[in-house]
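One structure is given below, encoded as structure tokens.
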Amino acid sequence: MVNLDSKSISLDSLGIKNATTHYNLTSDELHASTIEKEQGVEVSSGALAVNTGEFTGRSPKDRFIVKDDITKDEVWWGNINIPFETDKFDKLYKRVTDYLSGKEIFVRDSYACADEKYKLNIRVVNEYPWSNMFAHNMFLRPTTEELKTFSPEWTVINAPGFMADPAIDGTRQHNFAILNFSKKIALIGGTGYTGEIKKGIFSALNFILPVDKNTLPMHCSANVGKKGDTAIFFGLSGTGKTTLSADPDRRLIGDDEHGWTNENTVFNFEGGCYAKVIDLTEEKEPDIFHAIKKGAILENVILKKNGEVDFEDTSITQNTRVSYPIYHIDNIQPGSIGKNPKNIFFLTADAFGVLPPISKLTPGQAAYHFISGYTAKVAGTEAGIDEPTPSFSACFGAPFMPLHPTRYAEMLSNKMKESNVNVWLINTGWTGGSYGTGSRMKLKYTRAMITEALEGRLDNVEFIQHPIFGLSMPTNCEDVPNEVLNPKDTWADKASYDNKALELANSFRKNFAQFEDYANEEIMAGGPLM
């Protein structure tokens, strides 16, 4: 039970006995507790800086889903969704709760999904105060009145200090993140990386919303224009999703996770933002830069002697991060809900310099490219990569999608047709040649193309078809040189362009082979022509 006056709560029903609990502490209290325990320091801007330890990112090979009557025939089992036995979960759960018993524990009641009809109440149980502060930042925050009658539907139990024994527990190694849909529990241990907390609930919603609510969950950012039109931005890391959705003329709904309802509304799952801060500058990302203040948590950054953050220092990890509540951003959409989606943008950083900077997609092409989730890795992004490498992540978020990607793609295609939404493929990558020869697409050109699409000014221009990918490319766009719009025109060696385009098209086909048995004719027709 909850005692709001004393900020304590009993965890006996979870099997956690004799714990000293701290219930729904404020951000300031959790900040202070972290510093007192010497688990973090305050930086010059007032934000809290912590080190997540051994793991500075997610561990996809250690993410499991309990295989039971609810999941066995629904989940797309394989390397992404790895099955875990029910009895092994129960034994591991008991070992984790025994580990947490008698300890000082931080508990938070919160919820996901800004739309009241889809609200998912969540109780988060953390071993560390800064993990609980992360939950405060990232999940939606109930009012005091709502807490009086709060009843959790899902529970997150987060024990970074508990190390699993694979021989006993059935895990791959000592860290794990396991979803149990029957018991509605996300069990996380052996890792301090906070992203596992939010992605656990995101993964759960990616099952719950399509199966139970006929609502499309999306790994995307979204904003709203002055006319009330909603735009959605899909994109993997490095494609510009956060940058391009942060538009001074449009209000931010959210930067990472959303649902698209049958009522044709788009709602944010979260109450905050979790952004990369590698090479962050005030000039490049003013919204993120100014959000790093008291109440924000920086992860795995290096500090200068004066307490300032050295955003260029990646000696701990390239995946330096900050979490902050969404109200740290000024230009946000009230209620985190948008209506009337009119434009969807698939962002890709094509390091081969092949794809057009902007092209309009048919419903079949949209589904094909959504399932493909293409971008490219360039030299230096991962160990062993010294030339551009195609990278595909289904639905632009494969690690978080429990169902088969075609389920999500067909939902997206149907919603496109029902709402008459435009879908655009935007290449924020290279032009004039591949990485090492060409140059990165100028941000001002990309912004201009997106603005023209949002304002409807591309509706009346002439389009031509890309001969290999079949994409419709506009022949002119205000504030963008015409020769930039057709990628082949930017290459000095046209034959080399054709060869590289055919090479990339073949990579698309090889990747898509795993989905062919599940895709309908319309989706299959959306792939490359050659």
Side-chain angles (χ1 to χ4, degrees), residues 22 25-58 106 126-138 160-161 191-198 237-238 240-243 245-246 248 252 255-256 270-332 380-383 440 443:
H22 302 285
L25 296 188
T26 65
S27 178
D28 285 351
E29 289 170 326
L30 293 165
H31 177 115
S33 178
T34 301
I35 293 174
E36 180 184 347
K37 296 177 184 299
E38 299 184 342
Q39 295 179 358
V41 297
E42 186 174 305
V43 306
S44 59
S45 67
L48 179 68
V50 300
N51 189 313
T52 63
E54 176 187 1
F55 294 95
T56 58
R58 291 181 303 99
F106 300 84
N126 301 105
E127 183 179 4
Y128 300 152
W130 48 270
S131 306
N132 198 250
M133 185 175 167
F134 176 85
H136 168 272
N137 286 351
M138 297 310 304
T191 172
Y193 181 64
T194 56
E196 297 284 14
I197 299 171
K198 92 182 202 89
S237 179
K241 180 164 58 97
T242 300
T243 298
S245 61
L252 182 70
D255 81 331
D256 199 40
E270 303 180 294
C273 302
Y274 191 43
K276 285 188 174 182
V277 295
I278 181 174
D279 295 328
L280 179 70
T281 65
E282 184 176 14
E283 180 182 9
K284 287 196 298 186
E285 300 277 11
D287 286 336
I288 296 175
F289 188 88
H290 292 293
I292 301 176
K293 55 188 177 182
K294 190 71 175 289
I297 309 172
L298 289 155
E299 294 180 4
N300 303 313
V301 296
I302 299 296
L303 304 184
K304 302 174 184 177
K305 290 183 179 179
N306 59 3
E308 291 184 2
V309 179
D310 185 347
F311 291 110
E312 296 179 356
D313 193 325
T314 59
S315 55
I316 296 177
T317 178
Q318 294 232 351
N319 191 36
T320 50
R321 292 267 182 174
V322 64
S323 70
Y324 50 85
I326 198 167
Y327 55 74
H328 277 202
I329 301 288
D330 292 331
N331 194 25
I332 58 174
T381 57
E382 289 184 12
R440 190 81 188 253
L443 179 59

Under the ring pair (Phe, Tyr, Trp, His ring centres under 6.0 Å) test, residues paired with [X] that sit two or more places apart:
{"X": "Tyr274", "result": "Phe134"}
{"X": "His328", "result": "none"}
{"X": "Tyr128", "result": "Trp130"}
{"X": "Phe106", "result": "His22"}

Stepwise side-chain hydrogen bond (donor to acceptor under 3.5 Å, both in side chains) check, Thr194 with Glu299 = CA-CA 9 Å; Thr194 56; Glu299 294 180 4; 2.2 Å; yes
Residues that Thr314 engages under side-chain contact (heavy atoms from CB on, under 4.5 Å), provided they are two or more places apart = Ile278, Gln318
Who passes side chain to side chain donor-acceptor pair (under 3.5 Å) against [X], sequence neighbours left out?
{"X": "Lys293", "result": "none"}
{"X": "Thr317", "result": "Thr56"}
{"X": "Arg321", "result": "Asn319"}
{"X": "Thr52", "result": "Asn300"}

Leu48: which of Val322, Leu30, Ile35 passes side chain to side chain contact (heavy atoms under 4.5 Å, CB included) |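 The single option meeting the side chain to side chain contact (heavy atoms under 4.5 Å, CB included) with Leu48 is Ile35.
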Got more than 12 heavy atoms from elsewhere within 6.0 Å of CG, Asp330?
->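 Not more than 12 within 6.0 Å, no.
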Qualifying residues under salt bridge (Lys or Arg N to Asp or Glu O under 4.0 Å), relative to [X], sequence neighbours excluded:
{"X": "Glu29", "result": "Lys7"}
{"X": "Lys37", "result": "Glu104"}
{"X": "Asp256", "result": "Lys198, Lys199, Lys241"}

Examine distances only and state if a side-chain atom of Asn137 and a backbone atom of Gly295 form a donor-acceptor pair shorter than 3.5 Å.
-> yes
